[in-house]
Amino acid sequence: MAIQKVKQNVFSIGMKDWDRRLFDELIPLPDGTSYNAYLVEGSDKTALIDTVDPETVNVLYDNLTNHGVSKIDYIIANHAEQDHSGGIPAILSKYPESKVVTNEKCKNMLIDLLKIPDDKFIVIKDEESLSLGDKTLQFFLTPWVHWPETMVTYLKEEHILFSCDFLGSHYVSSELFVKDETKVYTSAKRYYAEIMMPFRKNIVRYLEKLEDLEIDMVAPSHGQIFDNPKLIFDAYKDWTSDNVKNKIVIPYVSMHGSTKKMVEYLTDALIKRDIMVKPFNLTVTDIGELAIELVDAATIVIGSPTVLAGPHPSVAYAAFLANMLRPKVKFATVIGSYGWGGKMVENVVGMLGNLKVEILSTVIVKGFPEKSDFLALDDLADEILNKHKQLNL
Ligand code: FEO
């Protein structure tokens, strides 16, 4: 796989995974992904910043050989998750004089996860620097984006921030640097939604901290390098802010058409009120698309039939996921149908405990909706409109 030059004596040397379509056995990857490792050759020392997924370590291994790397002094581990750290044992075997440079928490996790011996580590603290001769690496601890040990590495002389997962995207391209900003923006937003959104408040603090650095490039460990870092920093500032948009997402399932009819009616009612609305039929939805829209929606309306007294299992999954991802949504409610009884609404609302939402009026229909039910949906649309107006949306 091609080695690509980032700057003088700085190379992208990792793996482009064009075919991967699922991450963590959970996250759809419509555009594949990459595991970016970076080689930084100083006048005295050589550092490898992160490695690759263990399944693909032979690619990194061959790249290092083909590049003529005879010695690696430091393997920088920004993150213990195996898609970046999993190649460390193989690289340590090839370059036994190498030391793994990371923070205390990451060291302990790497010992647990990969059984790397204790004496292989150099432990650094927040803002500590490491000289490679004419180049200097500085480390900034950024815990909980998205694991407790995460950190980023700054190459001072070249003004490159190696951000690992942070600011990254599951997107693979032959081009090293971002060219199609619209495409990458959407991929990065999907990635933020799925991985980073639960840690929004921490990210705000780290963005402020990193603002003190002069950064010409952001080189994440997934996706392309931002040589216009403003694009990704501005996007993150927007996504992590408390601001929401005049937008509603409606994840739903319908078994026999009742809930679907209600969702269609409510969607039209919201359009008539000039509110952006995005219904997601969960039987055909890429869950990442739903996550993207949750990043800045003001309201979530969950639509479900009643199945064995509770929500449809696909609705339960979507509600559980939304609760895990902790979007900054302000309002929520439930619409749907039942045949003879149940506790569908209570079950769904009970699954949203992480969300700091006001629960709006629910509309639950016995059988197929009739005129009074559509009027109730009109009332709900008005209620949403008024709530959004109160937020000046
Ligand atoms: Fe790309 Fe958290 O690993």
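Numbering of ligands and ligand atoms starts at 1, following listing order. Keep in mind it's a predicted model, so treat the numbers as computed, not measured.
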Which N, O or S atom of [X] lies nearest to atom 1 (Fe) of ligand 1, by name:
X    : answer
D83  : OD2
D165 : OD1
H222 : NE2

Shared ILVMFWY cluster between L294 and W239, side chains joined below 4.5 angstrom? yes
Taking a hydrophobic cluster as the set of Ile, Leu, Val, Met, Phe, Trp and Tyr residues connected by side-chain heavy atoms closer than 4.5 Å, whether directly or through intermediates, do I364 and V253 fall within one such cluster?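 Yes, it is one cluster - the side chains of I364 and V253 are joined through contacts under 4.5 Å.
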So that I can check it, does any N, O or S atom in H84 come closer than 2.8 Å to atom 1 (Fe) of ligand 1?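 Here the distance criterion (N, O or S atom, under 2.8 Å) is met by H84, so yes.
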Are any N, O or S atoms from H79 nearer to atom 1 (Fe) of ligand 1 than 2.8 Å? no
Any cation-pi pair here, K94 with Y61, using under 6.0 Å and within 45°?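 Pair K94/Y61 counts as cation-pi.
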May I ask you to decide whether D242 forms a salt bridge with K201, counting only side-chain N to carboxylate O separations under 4.0 Å?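 Here D242 pairs with K201 in a salt bridge, since their nearest N and O are under 4.0 Å apart.
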For E55, is there an ion pair with R20 - N to carboxylate O distance below 4.0 angstrom? no
Name of the E81 atom (N/O/S only) found closest to atom 2 (Fe) of ligand 1: OE1
